[in-house]
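Remember, predicted model here, so these are calculated numbers, not experimental data.
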Amino acid sequence: MSDTARGGIPAKAAKYLKDDGIHFVPVWRIIGFSGANMAVNLYMGLTMIMSYYLNGYVGMAVILASSFSTIMRLWDGVTDPIVGFLVDRFHETDKFGKTRLCLTAGGILLFVNSFLMFNVTDRLPEGALRPVFFVIFTLIYYIGYTFLNISNHVGNVCLTNDPRQRPILSIVGTVIVRIMRAVMQMVVASLAVKYGTLGSAELFHEYWLIVALIASAGVIIAYISIAPKDIPYFSETNATKKPKIRFRDYLDVLTHNRPLQMMIVTRATDMLANTCKTSAILLVLYGIVAGNYKLSGGWTFYTTIVGLVMMALGVGAIGAKFGLKKAMQIGSWGVIVMDAVAILIWLFMDPKTLNLPGYTNGYGAPFSGFTLFTVLLFVVTVVGGGFQMITSSIIPPMIADVNDYEASRSGKYIPGMVGTLFSFMDKMISSFGPLLVGVGFAVIGFADKFPDLDTPYSFKLLAIGLLFYYGLELIGAAFNILAMKFYDLTPSKMKEVEEKIYKMREENA
């Protein structure tokens, strides 16, 4: 077969092309590539419970352990622009593209360094060696995290730009990630009960192995799925003359790409709220206020499964018919209303009556029927969770649209730089989430040790739990609504963008 098809288009690319610059991919490859996003979230999950390891084995007090997470996320943000620039400068070929580079580097670095962090540190002699060892390999860990995270931004651009398929990126990715997150919360809760505390070294050893195996499988499947689309044709506008990419392009993108600016506001506020939902906050609400931490795993699983149906309807129906912007607006309003109602339920009803089949409630009584607290909280959690999933899952296709807009604006396809600029600003703001939680606990008397399963209930703990689980998320949704007023990538605008990129490729083939 010839290396080129009609109009100088490579034969490998022609089979995926429609008219006017639209390119697609078989749905199974979209499903497979979501393994990369699943792996990113699994490795993020390790850091969400890291504060207990830091507190128990690395020798850090509560504030310092929480500050460590903040510092590492800031470091993660600093590495983003550097790695993104290097990725976009990488000379890709049909045999090895940018996405596969990121998947390979990220997968290996995360696997190796997470093993050293959570399986070796606690076996070292106590003293200065432990924190030094842990910090060194955590720094490298976050470089791997940056590579793997970039693979999603780069891969989503070359995977498909079909407006009917980009919402599928969100649906599939969010379904897999949310189910896995619910399953892993059940795993964490079970391991905490098994070992009697979240601060057990054996808990981290066992949890790491589960995470590493599943994440590695996701990376491999994503690599196979993206391979035929991870070629230069789908990530450039000029086949004959490569645009020169400079580090100062970051400033041009940040100052002139208004849709990206609005996405940064949206994502940063959402992620700040999300990073505040630490394992300690979950333990407070379910282990102390509701009185049965093990129940949190089943609760998360049940509410996630039902909430995913809402998310799929929201992204699939609203996103495909009215555009991604409208889906974000509707989802954000839903989050505001449902979070407000959830706070009132926790405040004015009895959380210890929360129960599900197969569990006991906070009073130790076995399930004997659904209580009013359980029913009401389940409804608002499912509906609110569905709306929240719409707002978070809509981000990847919106960033893919932003990348296409940047290519049409500047003539440069720089998904690594656009994606990492987005991530950099996001992480610089959201990195303060764990620190805020640590400060909150310190203010109410937990400066040296996190609340644990044997900590007695107090209204102060309830207030902290509600603030960081619902309150900040509600505020973030309000920022989403404000940002969307200035986001102009509507379906008609995106059609113009794709046609312009197609003409660039045709003229420079």
Kindly indicate, with the supporting measurements, whether the criterion salt bridge (charged side-chain N to carboxylate O under 4.0 Å, His left out) is fulfilled by Lys98 and Asp88.
-> CA-CA 8 Å; Lys98 295 177 182 178; Asp88 281 334; 3.6 Å; yes
How about Tyr413 and Asp404: does a side-chain donor come under 3.5 Å of a side-chain acceptor?
-> yes
Let me see the working for Tyr43 and Tyr145 under ring pair (Phe, Tyr, Trp, His ring centres under 6.0 Å), right down to the final yes or no.
-> CA-CA 8 Å; Tyr43 280 118; Tyr145 183 84; 8.3 Å; no
Ser216 side chain vs Leu213 backbone, donor-acceptor pair below 3.5 Å = no
For the pair Gln261 (side chain) and Leu254 (backbone), establish whether a donor and an acceptor sit closer than 3.5 Å, ignoring hydrogens and angles.
-> yes
Side chain Ser200, main chain Thr197, donor-acceptor under 3.5 Å = no
Does Leu124 reach the side chain of Phe134, with side-chain heavy atoms less than 4.5 Å apart?
-> no
Okay, side chain of Glu406, backbone of Val418: is any donor-acceptor separation there less than 3.5 Å?
-> no
Could you verify whether a donor N or O on one side chain and an acceptor N or O on the other, from Thr146 and Asp76, lie under 3.5 Å apart?
-> yes
Lys18 NZ/CZ over Phe24 ring centroid, <6.0 Å and within 45° of normal | yes
Would you call Thr99 and Cys158 a side-chain contact if the rule is heavy atoms closer than 4.5 Å?
-> yes
Name the one of Tyr207, Phe204, Phe133 that satisfies ring-ring contact (aromatic ring centres under 6.0 Å, His included) with Phe118?
-> Phe204
Heavy-atom pair of closest approach, residues Gly35 and Ala222 = C-CB, 4.4 Å
Residue pairs passing the ring pair (Phe, Tyr, Trp, His ring centres under 6.0 Å) test with at least one member in residues 208-232, sequence neighbours excluded, are Phe111-Trp208, Phe115-Trp208
Under 4.0 Å between a Lys/Arg side-chain N and an Asp/Glu carboxylate O for Lys194 and Glu206?
-> yes
pair Ile22-Leu17: side-chain heavy atoms closer than 4.5 Å | no
Mind checking the CG-CD1 spacing from Leu421 to Ile399? Nearest 0.5 Å is all I need.
-> 9.5 Å
Electrostatic pair Asp249-Lys412, nearest N-O below 4.0 angstrom | yes
For the side chain of Asn41 and the backbone of Asn37, is there at least one donor-acceptor N/O pair under 3.5 Å apart?
-> yes
Is the backbone N or O of His23 less than 3.5 Å from a side-chain atom of Thr160, with the two atoms forming a donor-acceptor pair by type?
-> yes
SB check Arg409 Asp252 (cutoff 4.0 Å) | yes
Thr269 (side chain) donor-acceptor with Thr266 (main chain) under 3.5 angstrom = yes
Validation row: Asp122, His205 side chains within 4.5 angstrom (heavy atoms) | yes
Check whether NZ of the Lys or CZ of the Arg Lys325 lies under 6.0 Å from the centre of the six-membered ring of Tyr487 and within 45 degrees of that ring's axis.
-> no
Just wondering, do Phe33 and Val25 contact through their side chains at under 4.5 Å, heavy atoms?
-> no
Is the backbone of Ile226 close enough, under 3.5 Å, to the side chain of Asp230 for a donor and an acceptor to pair up by distance?
-> no
Polar side-chain atom of Ser410 near backbone of Ala407 as donor-acceptor pair, under 3.5 Å = no
Would you find a donor on one side and an acceptor on the other, under 3.5 Å apart, between the side chain of Asn257 and the backbone of Val253?
-> no
Once the angle between the rings of Phe422 and His153 is folded into 0 to 90°, is it parallel (under 30°), tilted (30 to 60°) or perpendicular (over 60°)?
-> perpendicular
Tyr16 ring centre to Lys229 NZ or CZ under 6.0 Å, with the angle to the axis within 45°?
-> yes
Can you find a pair of side-chain heavy atoms, one from Phe96 and one from Thr104, that are under 4.5 Å apart?
-> yes
Look at the aromatic rings of Tyr250 and Phe247 and report parallel, tilted or perpendicular, splitting at 30° and 60°.
-> perpendicular
